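Please read all numbers here as calculations on a predicted model, not as lab measurements. Lettering follows sequence order; numbering is per chain, from 1.
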Number of protein chains: 2
Amino acid sequence: MKDARPCSIADTLALVGEKYSLLVLREVSLGATRFDQLVRNTGAPRDVLATRLKRLVEADLLEKVAYSERPPRHEYRATRAGRELEPVLLTLMAWGDRHLNEGDRPMVIEHAGRRGRPGGSLGDHELVPLVVCAQCGEEVHHDDLTAHPQVPGWTATGPAKT
Amino acid sequence: MKDARPCSIADTLALVGEKYSLLVLREVSLGATRFDQLVRNTGAPRDVLATRLKRLVEADLLEKVAYSERPPRHEYRATRAGRELEPVLLTLMAWGDRHLNEGDRPMVIEHAGRRGRPGGSLGDHELVPLVVCAQCGEEVHHDDLTAHPQVPGWTATGPAKT
DNA sequence: GTCAGTGGGTTTGATTTCCGGACTCACCAA
DNA sequence: TTGGTGAGTCCGGAAATCAAACCCACTGAC
């Protein structure tokens, strides 16, 4: 892992790319916030889960919130940074639905309509996640993209040869 | 990992969630398609990379394309399914840029304007990936979402108790 | 008051995976 | 003949994973 391309994808994966981390965020986002729920729903070994939770709390993606004093009990809640990973989860899910589970999706997400609210017209409907460019509003296509590494010594395809 | 919640996120991660797999797809998408480039740019040990590549080719996310007969040489190219993971990479990158590398992004993606093309008005600009709902066009907010597990025995927060 | 149960972990010891470096093999070029 | 490249494979030690057992503070039922 030394000397690899400097990149926010790698940085993000270093934080949440280990096995189970993203599944933990999925569960928390679904409302399963307690240790034993996380064990059951992710299938992670208890010790691994404990390690992951420690890291996610340190990184401020989750926080421990007490829900009982005596006996001391707490649950894990997503922070703002944690919630902002939800688009990643939705995009992963959309890919898996399309390419791995075509025709029998294990889960469907309902998107509440915004009737009466600013810009809203449609009622409740199924969520279909799509990545667009916030600047121009258009769907993102590979052929419209050009990468510009900002770090000296790197080009799009590798380290500049010295 | 046994008995965990059935879910396309988990299924997708089972395929591309191992260390380096997504970095390989990043590199291929950037145009670094050869074994030694992938070693240098991802930092993966050579044997691990060989294993990952084998899996990605089997899963039809990458394909081996010969670019020389004698000596036999080939490069790895993304298939359609592989390219469709790009939104995941872009979303991960956006998160890392915001939360890990605020103020000095290691890479900037330029988005080609579609002046003159259908719906286009803006010139070239920086890509800012955003997840919206394809049905209604609106940005996705956690509070508008409701998950509906399709698999009997599971609720949003865990297995239905028997 | 004892006994089983629950929530949230930690400990243990065996198995897997990862790692960096050295090695291979086929070919080309000087 | 020597050196270099591309695409791996092989090796032995270090680290991570796993399932299962254990722990501890507390509770509620008998």
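- Counting to the nearest Å, the P atom of D:dG6 and the CD atom of B:Glu69 are 17 Å from each other.
- Side chain of A:Arg73, nearest nucleotide from D:dA7, C:dG9, C:dG7: C:dG7.
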Please enumerate all protein N or O atoms sitting under 3.5 Å from an N or O of nucleotides 15-18 of chain C, with distances to 0.1 Å.
residue, atom, partner, partner atom, Å
C:dC18, OP1, B:Arg52, NH2, 2.6

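- For C:dG7, the OP1/OP2 oxygens have no side-chain nitrogen or oxygen of A:Tyr76 closer than 4.0 Å.
- Between B:Leu145 and A:His111 the shortest side-chain heavy-atom distance falls below 4.5 Å.
- Minimum heavy-atom separation, B:Cys133 to A:Leu127: CB-CD1, 3.6 Å.
- A:Thr79 and A:Asp60 form no side-chain donor-acceptor contact under 3.5 Å, judged by distance and modelled atom types alone.
- With hydrogens and angles disregarded, a donor-acceptor distance shorter than 3.5 Å links the side chain of A:Arg5 to the backbone of A:Ala156.
- A side-chain donor from one of B:Glu84 and A:His99 sits under 3.5 Å from a side-chain acceptor of the other.
- When rounded to the nearest whole Å, the span between NZ of B:Lys54 and C1' of D:dT9 equals 9 Å.
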Legend entry - A:Arg46 vs A:Leu49, side chain to side chain contact (heavy atoms under 4.5 Å, CB included): CA-CA, chis, key distance, verdict: CA-CA 5 Å; A:Arg46 307 175 74 82; A:Leu49 180 63; 5.7 Å; no
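- Distances shorter than 4.0 Å separate none of the side-chain N or O atoms of A:His74 from OP1 or OP2 on C:dG7.
- Remark: nothing in residues 56-63 of chain B comes within less than 4.0 Å of DNA chain C through any heavy atom.
- With no hydrogens or angles considered, a side-chain donor-acceptor pair links A:Glu86 and B:His142 at under 3.5 Å.
- Listed candidates were D:dG8, D:dG6, C:dC27. Nearest to the side chain of B:Arg70 is C:dC27.
- As rounded to whole Å, 13 Å separates atom C1' of D:dT9 from atom CG of B:Leu49.
- Between A:Val24 and A:Leu62, the closest side-chain pair of non-hydrogen atoms falls below 4.5 Å.
- Nucleotide C:dG7 holds its P atom 16 Å from the CG atom of A:Leu53, rounded to whole Å.
- For the pair A:Met93 and A:Arg26, the minimum side-chain heavy-atom distance is 4.5 Å or more.
- C:dG5 atom P lies 15 Å from atom CG of A:Asp36, rounded to whole Å.
- Atom CZ of A:Arg40 is separated from atom C1' of C:dG8 by 12 Å (rounded to the nearest Å).
- There is no path of hydrophobic side-chain contacts, each under 4.5 Å, that joins B:Val128 to B:Leu122.
- In this structure, CZ of B:Arg34 is placed 14 Å from P of D:dT5, rounded to the nearest angstrom.
- Heavy-atom nearest nucleotides on DNA chain D were determined for B:Phe35 and for A:Ala44, and the one closer to the 5' end corresponds to B:Phe35.
- Each of B:Leu130 and A:Ile109 belongs to its own hydrophobic cluster when Ile, Leu, Val, Met, Phe, Trp and Tyr are linked at side-chain heavy-atom distances under 4.5 angstrom.
- Distances from the side chain of A:Pro71 to the nucleotides D:dA7, C:dC27, D:dC26 place D:dC26 closest.
- By the 4.5 Å heavy-atom criterion applied to side chains, A:Tyr67 and A:Thr33 are not counted as neighbours.
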Can you give me the N/O atom pairs linking the protein to nucleotides 22-24 of chain D at distances under 3.5 Å, or say none if there are none?
none

